[in-house]
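The structure appears right after this line, and notes come after that.
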Amino acid sequence: MKLSKLMLSASIAAIALVSCNKQDTTPESKRLRSVDISIDNIVITKAAAGDKINAGDAVVVNDFQIFLTDASGNEYTGKVKDGSAAAQSYWTAADLSEAISAEFHYVDPNCTKVVAVANMGKELTFAEYKALTTINIDEQQNSQNLVLYDAKDLVATGNQHSDPNVDGTTYVADIYKADLVMTPRVSRFEVDGFTVKFNDEPKYDEINITQIAFQNYYPKTTVFEGAEDGEPVIYMQNLANQAEVYNWLDTPVEGEVPWYRDYFDVTITPAAPTADIKDADGNNAPLAYHIFSCDLVPVMVIKLTADGQPAYLYSKGFYKDAETPVTTFEEGKIYRMSAKGVVENDGSIPIDEDDIDPMDRCLEITVDVVDWAVELVYPEF
């Protein structure tokens with residue numbers, strides 16, 4: 001089982017920023033700004049593979065960086081409180097393992113915006129930041145290393161604090177703030193296993209489910225705007241064409257199995273109608289798939305056999321309940337598989353026995369929508 005598919009618990013970065021106008025005695029001079037960042041509640045959780053992301057879990061932050069900008073994309077820098085050195089603007093996982101507080105002082109008054117990025121893997125120069133264009137969906141499958149982003153304008157609070165300077169002067173500063181919530185660019189689909197709803201007189205004695213694949217998704221999105229890029233990826237053009245579908249499903253994958261496809265062996269009978277996906281050692285091995293958040297509805301294809309006869313199902317939509325289709329997939333939301341019109345918490349995909357039919361291979365799937373946790377952290381003054 002691919003590590004990128006295993007469900008991984010996570011932690012969050014949600015931060016609050018404040019900026020201040022330095023008051024001076026020269027009315028015509030430019031006032032400099034200070035920016036205080038309180039991030040002492042960031043938690044780094046290294047969860048064991050195989051854990052499901054639950055409501056209340058948060059997104060992992062491995063590294064974190066702040067840029068001070070304006071609406072035109074110009075960069076500004078800050079100093080420590082006494083003005084003697086440049087302020088820290090990049091933090092590694094080791095830095096974030098302890099409670100920290102960051103401050104930017106003596107910032108140009110033209111600075112009006114704060115941009116934060118996380119899990120970029122290294123400290124970026126501002127030129128590198130501006131040159132970044134897109135991220136690929138195949139690089140966003142590990143829930144412990146998702147690119148996170150947010151940007152907010154500075155807003156005046158009407159409060160003040162004091163900035164003692166190395167020159168011996170204490171400057172009174174007006175406080176501005178911008179509350180940031182670090183958010184991934186992806187929606188997450190979770191699958192634990194399958195449940196077949198057999199008829200009172202079952203049509204089949206044994207059903208073997210052996211493959212899941214996703215298609216109809218965007219391959220790229222822009223890092224900072226979240227705008228999808230490229231043509232939707234489609235492997236099977238006509239899902240009603242059995243020859244085309246079986247040809248694709250039965251063609252062996254060369255090399256590593258890609259993120260959008262998984263092989264396994266789940267056996268279901270009328271006596272045991274529910275089964276979880278397991279790995280080679282017999283441990284539960286739930287699957288997860290990340291897709292860029294947008295209004296393009298992905299398609300899930302399931303390969304199976306019914307009493308040895310090949311069959312497949314494909315989703316024609318996802319639903320919150322029997323009447324409400326999901327038409328927009330949101331950033332940072334978990335779409336956990338459930339039944340038609342029934343919200344179940346176990347993450348299994350129930351399949352009606354009657355859906356397994358050569359003439360009708362569509363499957364409506366209802367999803368239990370679970371929010372990744374967002375913890376807002378506010379500064380103390």
Side-chain angles (χ1 to χ4, degrees), residues 1-14 45-62 118-119 135-150 181-193 212-221 223 226 228 233 258-262 276-277 284-302 315 317-320 325-338 343-349 365-375:
M1 192 62 58
K2 300 186 293 299
L3 176 61
S4 63
K5 296 297 183 60
L6 296 174
M7 297 184 187
L8 305 171
S9 244
S11 62
I12 190 77
T45 299
K46 298 298 183 184
D51 288 346
K52 180 186 296 184
I53 293 180
N54 296 303
D57 292 342
V59 182
V60 168
V61 177
N62 299 306
N119 299 341
I135 50 177
N136 298 321
I137 192 59
D138 58 346
E139 298 170 347
Q140 296 297 298
Q141 296 304 314
N142 184 349
S143 65
Q144 287 189 316
N145 196 30
L146 296 170
V147 169
L148 310 177
Y149 172 83
D150 198 17
V181 178
M182 305 304 293
T183 306
R185 290 300 193 193
V186 298
S187 305
R188 178 179 174 91
F189 287 79
E190 292 186 344
V191 180
D192 287 3
I212 285 180
F214 273 86
Q215 67 173 28
N216 203 43
Y217 58 84
Y218 282 108
K220 298 179 180 181
T221 197
V223 176
E228 282 64 48
V233 177
W259 70 268
Y260 54 81
R261 194 172 187 177
D262 272 297
D276 289 328
I277 300 169
N284 287 351
L287 304 175
Y289 305 86
H290 294 162
I291 291 175
F292 287 133
S293 307
C294 60
D295 57 4
L296 181 67
V297 178
V299 176
M300 180 171 63
V301 181
I302 300 171
S315 62
F318 295 88
Y319 294 80
K320 295 181 180 179
V326 181
T327 58
T328 301
F329 293 88
E330 300 179 44
E331 293 180 345
K333 287 227 173 185
I334 295 172
Y335 296 87
R336 187 163 293 154
M337 297 301 130
S338 185
V343 175
E344 298 180 352
N345 293 322
D346 63 1
S348 295
I349 301 176
I365 298 171
T366 299
V367 295
D368 180 10
V369 180
V370 181
D371 283 321
W372 259 316
V374 172
E375 299 175 5

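All residue numbers in this chain count up from 1 along the given sequence.
Here the side chain of Thr183 pairs no donor or acceptor atom with the backbone of Gly332 at under 3.5 angstrom. A donor-acceptor pair under 3.5 Å is absent between the side-chain atoms of Asn119 and the main chain of Leu148, judged by distance alone. No side-chain donor-acceptor contact under 3.5 Å links Asp276 to the backbone of Pro286.
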- Could you walk me through whether Ile135 and Thr221 pass side chain to side chain contact (heavy atoms under 4.5 Å, CB included), step by step? CA-CA 6 Å; Ile135 50 177; Thr221 197; 3.7 Å; yes
- Message: Could you walk me through whether Ser293 and Thr328 satisfy the side chain to side chain contact (heavy atoms under 4.5 Å, CB included) test, starting with their C-alpha distance in whole Å, then the side-chain angles of each, then the deciding distance to 0.1 Å, before giving a yes or no?
- Response: CA-CA 8 Å; Ser293 307; Thr328 301; over 6 Å; no
- Going through the checks in order, is the side chain to side chain contact (heavy atoms under 4.5 Å, CB included) test met by Val186 and Val147? CA-CA 9 Å; Val186 298; Val147 169; over 6 Å; no
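Put simply, CD on Glu330 and SG on Cys294 are 12.0 Å apart, with the number rounded to the nearest 0.5 Å. Note that the CD atom of Gln141 and the NE2 atom of His290 stand 6.0 Å from one another [nearest 0.5 Å]. The CD1 atom of Ile277 lies 4.0 Å from the CG atom of Leu287; values are rounded to the nearest 0.5 Å. Once rounded to the nearest 0.5 Å, the distance linking CZ of Phe318 with OG1 of Thr327 reads 13.0 Å.
Summarising the geometry of Ile291 relative to Pro298, their closest heavy-atom pair is CD1-CB, 3.6 Å, with the distance given to 0.1 Å. Between Val297 and Val326, the shortest heavy-atom distance links the atoms CG2-O, 4.0 Å.
Checked by atom type, the side-chain pair Asn284/Asp192 shows no donor-acceptor distance below 3.5 Å.
Between Phe329 and Tyr335, the ring planes lie perpendicular to each other; the angle is over 60°, past the 30° to 60° tilted range.
Between Tyr289 and Phe214, the ring center distance clears the sub-6.0 Å criterion.
With a 4.5 Å cut-off on side-chain heavy atoms, Met337 and Phe189 count as touching. Residues Gln140 and Phe292 form a side-chain contact, since some pair of their non-hydrogen atoms from C-beta on lies under 4.5 Å apart.
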